[in-house]
Amino acid sequence: MRQDDGAEFISASLGRTQKGRVSLAHYYTEPSHTFAEYLLVPGYSSTECFPANVSLRTPLVKFHRDEEPALTMNIPMTSAIMQAVSNDTMAIALAKQGGISFIYGSQSIEAEAAMVSRVKNYKSGFVSSDSNISPDTTLGGVLELLAKTGHSTMAVTEDGSANGKLVGIVTSRDYRVSRMSLDTKVATFMTPFEKLIWADADETTLTQANDLIWERKLNMLPLIDKNQRLRYMVFRKDYTDNKENELELTDSNKSYIVGAGINTRDYSERVPALLAAGVDVLCIDSSEGFSEWQRLTIQHIREEYGDTVKVGAGNIVDGEGFRFLANAGADFIKVGIGGGSICITRETKGIGRGQATALIDVCAERDKYFKETGIYIPICSDGGIVYDYHMTLALAMGADFLMLGRYFSRFDESPTDRVMVNGTYYKEYWGEGSNRARNWQRYDLGGSKKLSFEEGVDSYVPYAGALKDNVETTLSKIRSTMCNCGALTLPEFREKAKLTLVSSTSIVEGGAHDVILRDKLGRD
Ligand code: RVP
């Protein structure tokens with residue numbers, strides 16, 4: 001919070017206020033810290049404290065102390081409102097694990113609403129084809145697509161589109177790269193439609209599809225409509241996945257919960273389109289949220305829809321910013337300026353605050369507000385998570401949930417291309433403030449409709465495989481640390497957590513040190 005000592009100063013050489021006193025800038029007395037500068041000190045754990053007993057359930061939107069929140073998540077993770085992170089594929093994968101994606105808003109209203117609609121209409125286990133080829137595609141083209149998506153089963157449609165007339169299937173068993181020319185056309189080596197086992201898209205349930213897969217020993221079953229157009233594919237490998245997602249986050253119609261980003265400019269058109277597509281929660285996406293534009297956006301939503309439409313706001317980095325957005329009516333508030341991995345706002349504009357300090361400050365204000373009003377406003381810590389343990393620290397510091405960009409961008413489900421450099425796979429990841437994204441609305445202060453300078457970079461991140469595997473590992477680390485602190489729920493964790501700042505020398509002590517790692521000596 002603000003420290004007022006030293007804020008007033010008398011000096012003839014500085015500009016005077018009306019009262020003859022000179023006002024100087026406000027100085028926070030504490031330096032601002034990042035997550036990497038903190039550690040948790042374990043507390044007593046009882047025999048009940050084991051990971052399987054831990055619940056990571058958390059509120060997404062504000063609620064009164066006597067009521068239940070209208071929306072909760074089963075895990076405290078959301079994916080960032082970014083072109084390189086949150087599309088419909090990501091949203092479905094994350095909701096299956098119990099979290100929520102916010103579909104990026106830096107695209108046309110129609111395109112964003114279409115993504116939301118695909119999530120809401122998705123039937124678990126029925127996959128829309130994302131690797132599409134036509135009979136004229138060459139073997140070279142097949143290999144290129146395989147490298148890009150990692151998916152070896154490709155539907156061959158007449159026009160090469162996801163929902164075109166199905167004419168065959170190609171899998172890695174249909175070709176031998178060493179014996180065939182890369183110019184060979186798919187038509188000559190695909191398994192043609194006449195030899196495929198398929199099912200009717202309108203009349204087949206997931207159970208029936210899975211039964212057929214098992215009976216006929218298939219790896220994939222295509223589902224087509226009356227005109228032989230491809231609608232979905234059901235994969236054998238998804239069978240276990242479809243049965244195992246205990247934490248998946250669905251609405252009363254069994255559709256996955258999904259969020260979407262909006263901006264402070266075109267909300268009067270964008271919001272109704274997203275609502276018509278079935279969106280569950282909105283978030284104003286802005287690099288700096290302590291602004292009249294955010295208040296006006298929330299005011300418009302309240303006037304049009306009352307409290308039924310849930311909208312988060314941000315980003316802010318201190319208690320004052322929190323109060324402003326709380327009073328404006330935000331359903332949740334996002335914390336973080338300049339800490340994102342692709343973000344250069346601090347270098348470019350000199351604004352921001354260390355993510356840990358910002359979060360601690362805002363969470364203290366959230367708790368104060370709760371005591372005063374009985375209204376609890378969830379806090380989202382957005383950006384700057386590097387290691388899994390940073391998530392645990394953020395939750396201990398009071399975040400109700402996290403927003404992650406880089407983390408999710410590394411997975412199969414992110415919308416970007418996977419590329420190979422020197423034998424290693426990477427995924428593309430770029431900031432919303434980069435020239436590539438051109439998301440001027442996120443940075444707009446009411447001026448010209450363009451990005452005047454970049455606040456983000458265009459980059460690569462190491463490819464990390466499937467979202468499910470990574471999220472499961474991350475969550476098991478969080479649950480384990482919570483047990484070390486004697487906590488089985490997130491509110492209990494916050495209450496019991498003991499945090500310590502670490503010196504730079506003790507950070508060195510925290511990694512492997514004073515040993516020579518085996519691989520450095522070239523031994524296994
Ligand atoms: P990270 O998870 O560290 O990659 O950070 C992601 C966050 O960074 C986003 O949720 C957003 O708040 C912020 N961001 C997105 N684009 C940019 C930029 O171009 N500066 N910053």
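One-based numbering, in listed order, for ligands and for the atoms of each. A quick note: this is a predicted structure, and the numbers were derived from the prediction, not measured.
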Please tabulate, for the side chains in residues 276-287, all donor-acceptor contacts under 3.5 angstrom to protein atoms that are two or more places apart in sequence or on a different chain.
unit_1	atom_1	unit_2	atom_2	d
Asp280	OD1	Lys120	NZ	3.4
Asp280	OD2	Lys120	NZ	2.7
Asp280	OD2	Val258	N	2.9
Asp285	OD1	Arg442	NE	2.9
Asp285	OD2	Arg442	NE	3.4
Ser286	OG	Glu288	N	3.2
Ser286	OG	Glu288	O	3.0

List, one per line, each side-chain donor-acceptor pair under 3.5 Å for residues 390-399, sequence neighbours excluded.
unit_1	atom_1	unit_2	atom_2	d
His390	ND1	Val386	N	3.1
His390	ND1	Tyr387	N	3.3

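Note on Asp469 versus Arg410: no salt bridge recorded, every NZ/NE/NH1/NH2 to OD/OE distance being 4.0 Å or above. With respect to the salt-bridge test (charged N to carboxylate O, under 4.0 angstrom), the residues Asp400 and Arg494 qualify.
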Considering only N or O atoms, set out every pair between ligand 1 and the protein closer than 3.5 Å, with distances to one decimal place.
unit_1	atom_1	unit_2	atom_2	d
ligand 1	2 (O)	Gly405	N	2.8
ligand 1	2 (O)	Arg406	N	3.4
ligand 1	3 (O)	Ser341	N	2.8
ligand 1	3 (O)	Gly384	N	2.9
ligand 1	4 (O)	Ser341	OG	2.7
ligand 1	4 (O)	Arg406	N	2.9
ligand 1	4 (O)	Tyr429	OH	2.6
ligand 1	10 (O)	Asp382	OD1	2.5
ligand 1	10 (O)	Asp382	OD2	3.3
ligand 1	12 (O)	Asp382	OD1	3.3
ligand 1	12 (O)	Asp382	OD2	2.6
ligand 1	12 (O)	Arg442	NH2	3.0
ligand 1	16 (N)	Glu432	N	2.9
ligand 1	19 (O)	Glu432	N	3.1
ligand 1	19 (O)	Gly433	N	2.6
ligand 1	19 (O)	Tyr443	OH	3.3
ligand 1	20 (N)	Tyr443	OH	3.3
ligand 1	20 (N)	Glu455	O	2.7

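Within the structure, the ring pair (Phe, Tyr, Trp, His ring centres under 6.0 Å) test picks out no pair touching residues 339-366 (sequence neighbours left out).
Using a 30° and 60° split on the angle between ring planes, Tyr376 and Phe63 fall in the tilted class, from 30° to 60°.
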